[in-house]
Amino acid sequence: RSGSEADFEAPSEINGVKMSTLLRRMAAALQENGTPALVRAIGEYTGLVLSWAERFNSLRQVFDEIKQIDTGAQTG
């Protein structure tokens, strides 16, 4: 719902587990079991994803940030 409903905010914790902890666990599992390309991508983007998890509380906000970055890259 966070990506499609403008007013929906993702919880910062689920069953006492913080979003940043969940993301770190997911990154570790993907790095342990992923292809070399996925392992590199996880290593490259984990910090960015964690910072977005702290700044934003919806996927829509993340998508808006990506659009701004993409637009800046195209014009700059």
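This structure is a prediction, so every number in the text was calculated from the model and none was measured.
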Gap separating the CG atom of Asp70 from the CD atom of Gln68, nearest 0.5 angstrom: 11.0 Å

For residues 33-43, which side-chain N or O atoms pair as donor and acceptor with protein atoms under 3.5 Å away, sequence neighbours left out?
unit_1 : atom_1 : unit_2 : atom_2 : d
Asn33  : ND2    : Ala29  : O      : 2.9
Thr35  : OG1    : Leu38  : N      : 3.2

Contact summary for Ala27 and Thr46, nearest pair of heavy atoms: CB-OG1, 3.9 Å

Separation between CG of Leu30 and CG of Leu23, rounded to the nearest 0.5 Å: 10.5 Å

Residue pairs fulfilling salt bridge (charged side-chain N to carboxylate O under 4.0 Å, His left out) with at least one residue in residues 21-39, sequence neighbours excluded: none

Residues forming a salt bridge (Lys or Arg N to Asp or Glu O under 4.0 Å) with Glu65, sequence neighbours excluded: Arg55

Heavy-atom closest contact (Met19 atom, Pro11 atom, distance): CE-O, 3.6 Å

Pairwise distance CZ(Arg60) to NZ(Lys67) - rounded to 0.5 angstrom: 7.5 Å

Of Val62, Asp64, Ile69, the residue whose pairing with Ile66 passes side-chain contact (heavy atoms from CB on, under 4.5 Å): Val62

Hphob cluster co-occupancy, Phe56 + Tyr45, side-chain heavy atoms under 4.5 angstrom: yes

Between CD on residue Glu54 and NZ on residue Lys18, distance to nearest 0.5 Å: 9.5 Å

